[in-house]
Amino acid sequence: MFKLHYRGLIKMAMILLIFLFVVSMATAATTAEQQTEKQRQALAQKYKNAKPGESFIIGHITWGLAQEYLMMCYQATEQACRQLGLKFVGAVAESDAAWIEATESMIAAGAKAIIYNCPSAAVLPELARICNENNVFMATHFGYTGEMFPGDLGPRWVIDNTPLSDEQTYFPLMLLFEKMRQNGKTKLLHHQAHKTSATCSTVYINLGVFMAWKHYPEMKVLGHQYGEWWYEGGRKAAEASLAVRTDYEALWGANDSQTMGALRACEDRGLFIGPYTASRDMEMTTAEEILKGNFLVTAGFAIPYFGGRMVPMLYDMCVGAWYPLPDEMVQAGRIDCYGRPGEIEALAKAAGIDKHPNFKIGPTKDNLEKILKQMKAKRPEYPYDFRRISLSKCKELGLTYDRHAGAGTYLGQHDYYYPAKLKKFGSIEALKKHVAALHKYFLDFSWADTWKEAEEYAKRFPPELKTEPVWE
């Protein structure tokens, strides 16, 4: 009896110790979160430049409007400003001088924050200097490089919003490669993005090609021309590729706009490879081609959500409700794949990615009808209430905060994450080293047409360059 009683006491003591350990860990975590939030709030109060409820200008300067992605971002930013009771001022910058001139003009008009879509890397330090001197917040889409990140150029460049395009490439290209394998095709026409504009996306995309190619080593990845992000650039890239050879059996392009241009150029030459074509962005024209059976798959990050959500985030910074810590300054949209129902599900299963934690499929037709076609409306109204992503507006108006901006997750995930917090990085410094290495090894992909050549080239990669296709 004594032994049983003693054992019982030991067991109870062990349970108590475990309980106390769990409680202490939870308390420590809570304390750490409180300290983090205290630090965030201190920064928010230090750098605020407006009062809650105030109406002021938020500017939006874009690289162009010929690309559907750029147009939808512009429209969604204007919609978000309207919903939050802010004033929208937009501009197109077609030269380095124009980025500076538009910035100075907007600040002179009273802008408290400016969003830059695909800004020129050459003038980004000058834009940051101007914004710092005038206490104006700046956010970028596709703005960072291997040499500069938000936070590196003073306290006013606060956010860069860029999808991890390796993830956005890996999944659709895996589906394309699988369809090619099933149908005995091996020759892929590969078009890169741009050598000087949005290079962070160019290098991520090329990394994604490498990641997918590893699973299909029999494929030949050919061409490697730059489509430069837009339709006419894609046409020129295809014409250059077709001047070399004409036996391509499939097409991968860095984004939908340039890939549609390349596909049309191929069709003009009698090469009909639409069902074996894939890219990334989920634009309206591409969705229409998918539903016609003339495009296999694209991967999107909910463009209007992606663009519009910068407005409430910047509003919160302007009024002192929030300020990002260094590992929160780089943000990436969640990715969904869009194709013909049934086809891409079967291909995903055959490719072994159907259970991948990051692989998601969105409804192509419903997304087209409920989101993308708004781009052509006289006054576009995307299905988002951007007030609900603003901490301050929710408090001012008695609204419930909703990370998905009231649109749910059916049409797309409508969400974002912080790449620096992914397990394979774990810090902003690790992410910076990764991106610097990508710019060294992946800004140009012309070093390999065969997997054997790619394997040989990969022997040069440093350990900070992460090639595993997991984004958790």
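What's counted below: heavy atoms across the whole structure, side chains too, no hydrogens, waters or symmetry copies. Note that this is a predicted model, so its numbers are computed, not measured.
Among residues two or more places apart in sequence or in another chain, the side-chain contact (heavy atoms from CB on, under 4.5 Å) test is passed with Pro324 by Val158, Ile159, Met317, Trp322, Glu328, Met329. Residues satisfying the salt bridge (charged side-chain N to carboxylate O under 4.0 Å, His left out) criterion with Arg264, sequence neighbours excluded, are Glu267, Glu289. With sequence neighbours excluded, the residues satisfying side-chain contact (heavy atoms from CB on, under 4.5 Å) with Ile361 are Ile344, Glu345, Phe359. Residues satisfying the side-chain contact (heavy atoms from CB on, under 4.5 Å) test with Ala287, not counting sequence neighbours, are Met282, Thr364, Leu368, Leu372. Considering only residues two or more places apart in sequence or on other chains, Asp444 meets the salt bridge (charged side-chain N to carboxylate O under 4.0 Å, His left out) condition with none of them. When the side-chain contact (heavy atoms from CB on, under 4.5 Å) test is applied to Lys360, the partners found at least two apart in sequence or on another chain are Asp336, Gln413. In this structure, Glu232 has no salt bridge (charged side-chain N to carboxylate O under 4.0 Å, His left out) partners at least two apart in sequence or on a different chain. With sequence neighbours excluded, the residues forming a salt bridge (charged side-chain N to carboxylate O under 4.0 Å, His left out) with Glu343 are Lys179, listed by chain and number. Tyr401 pairs by the side chain to side chain donor-acceptor pair (under 3.5 Å) definition with nothing, not counting sequence neighbours.
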Practice problem: List the steps and the verdict of salt bridge (Lys or Arg N to Asp or Glu O under 4.0 Å) for Lys365 and Glu369. | Solution: CA-CA 6 Å; Lys365 184 177 180 180; Glu369 295 295 332; over 6 Å; no
Quiz item: When you look at Lys51 and Glu54, which way does the salt bridge (Lys or Arg N to Asp or Glu O under 4.0 Å) test go after all the steps?
Solution: CA-CA 6 Å; Lys51 296 178 180 179; Glu54 185 179 342; over 6 Å; no
Exercise. Please lay out, stage by stage, how Glu78 and Cys81 fare under the test side chain to side chain contact (heavy atoms under 4.5 Å, CB included).
Key: CA-CA 5 Å; Glu78 185 174 12; Cys81 286; 5.8 Å; no
Exercise. Go through Leu325 and Leu43 one step at a time and tell me if the side chain to side chain contact (heavy atoms under 4.5 Å, CB included) criterion holds.
Key: CA-CA 9 Å; Leu325 297 180; Leu43 291 168; 3.9 Å; yes
Please output the side-chain donor-acceptor pairs of residues 100-113 that fall under 3.5 Å, not counting sequence neighbours, one pair per line with the distance.
| from | atom 1 | to | atom 2 | distance (Å) |
| --- | --- | --- | --- | --- |
| Thr103 | OG1 | Trp99 | O | 2.8 |
| Thr103 | OG1 | Tyr116 | OH | 2.8 |
| Lys112 | NZ | Asn49 | O | 3.2 |

Enumerate donor-acceptor pairs with a distance under 3.5 Å from any side-chain N or O in residues 432-439 to protein atoms, sequence neighbours excluded.
| from | atom 1 | to | atom 2 | distance (Å) |
| --- | --- | --- | --- | --- |
| Lys432 | NZ | Asp152 | OD1 | 2.8 |
| His434 | ND1 | Lys466 | N | 3.1 |
| His439 | ND1 | Val435 | O | 3.0 |
| His439 | NE2 | Thr199 | OG1 | 2.9 |

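The shortest side-chain heavy-atom distance between Trp63 and His141 does not fall under the 4.5 Å cut-off. Side chains of Cys318 and Phe56 form a contact here, defined as non-hydrogen atoms less than 4.5 Å apart. With a 4.5 Å cut-off on side-chain heavy atoms, Thr259 and His191 do not count as touching. Within the 4.5 Å cutoff, side-chain heavy atoms of Met260 are placed close to those of Thr286. Within the 4.5 Å cutoff, no side-chain heavy atoms of Pro326 are placed close to those of Phe149. You'll find the side chain of Gln225 stays beyond 4.5 Å of the side chain of Gln192, heavy atoms only. Side-chain contact between Val330 and Pro150 is present, with at least one heavy-atom pair separated by less than 4.5 Å. Using a 4.5 Å cut-off on side-chain heavy atoms (C-beta onward), Ile371 and Tyr382 make contact.
Note on Arg82 versus Glu381: salt bridge recorded, some NZ/NE/NH1/NH2 to OD/OE distance being below 4.0 Å. A salt bridge is absent between Arg280 and Asp256; no separation between the charged side-chain nitrogens and carboxylate oxygens falls under 4.0 Å.
The side-chain hydrogen bond (donor to acceptor under 3.5 Å, both in side chains) test with Tyr69 is passed by exactly one of Asn117, Asn255, Thr62: Asn117. Residue Glu37 is tested with Gln39, Gln35, Gln34, Gln41 for a side-chain hydrogen bond (donor to acceptor under 3.5 Å, both in side chains); the sole match is Gln41.
For Ser197 against His194, the heavy-atom pair with the smallest separation is N-ND1, 3.1 Å. Heavy atoms only, all atoms of each residue included: Gly143 and Thr162 are closest at N-OG1, 4.0 Å. Nearest heavy-atom pair across Ala122 and Asp96 is CB-OD2, 3.8 Å. What you find for Pro125 and Leu153 is that their closest heavy atoms are CA-CD1, 3.9 Å. Nearest heavy-atom pair across Pro312 and Leu84 is CA-CD2, 3.7 Å. Minimum interatomic distance between Ser279 and Phe295 (heavy atoms only, all atoms of both residues): OG-CZ, 3.4 Å.
Judged purely by distance below 3.5 Å, without hydrogens or angles, the side chains of Gln75 and Gln79 never pair a donor atom with an acceptor atom. Residues Asn132 and Trp157 have side chains that never bring a donor and an acceptor to within less than 3.5 angstrom of each other. Between the side chains of Ser257 and Trp229, no donor-acceptor pair is found at a separation under 3.5 Å. Under the 3.5 Å distance criterion, with hydrogens and angles disregarded, a donor-acceptor pair is assigned to the side chains of Glu68 and Thr285. In this model, a donor atom of one side chain and an acceptor atom of the other lie less than 3.5 Å apart for Lys87 and Ser55.
A donor-acceptor pair is defined here as one N or O able to donate and one able to accept, closer than 3.5 Å; no such pair exists between the side chain of Thr140 and the backbone of Phe142. The closest donor-acceptor contact from the side chain of His224 to the backbone of Val221 lies under 3.5 Å. Panel note: side chain Arg156, backbone Tyr47; a donor-acceptor pair is recorded below 3.5 Å. Using modelled atom types, one side-chain atom of Gln45 and one backbone atom of Gly320 make a donor-acceptor pair closer than 3.5 Å. Although no hydrogens or angles enter the test, the distance criterion places a donor-acceptor pair under 3.5 Å between the side chain of Ser95 and the main chain of Ala98.
Note: Tyr441 and Phe461 have perpendicular aromatic rings, judged against thresholds of 30 and 60 degrees for the angle between ring planes. The aromatic rings of Tyr74 and His60 lie perpendicular to each other, with more than 60° between the two planes, well past the 30° mark. Using cut-offs of 30° and 60° for the angle between ring planes, the Tyr384 and Tyr305 rings count as tilted. Aromatic ring pairs are classed by plane angle as parallel below 30°, tilted from 30° to 60° and perpendicular above 60°; the pair Trp471 and Tyr170 is tilted.
Ring centroids of His190 and Phe445 are separated by less than 6.0 Å, placing the two rings close together.
Annotation: Glu472, atom CD; neighbour count of heavy atoms from other residues, nucleotides and ligands within 6.0 Å is above 12.
Counting only residues at least two apart or in different chains, side-chain hydrogen bond (donor to acceptor under 3.5 Å, both in side chains) contacts with residues 307-316 comprise Asn161-Arg309, Arg309-Gln331, Tyr315-Glu396, Asp316-Ser390.
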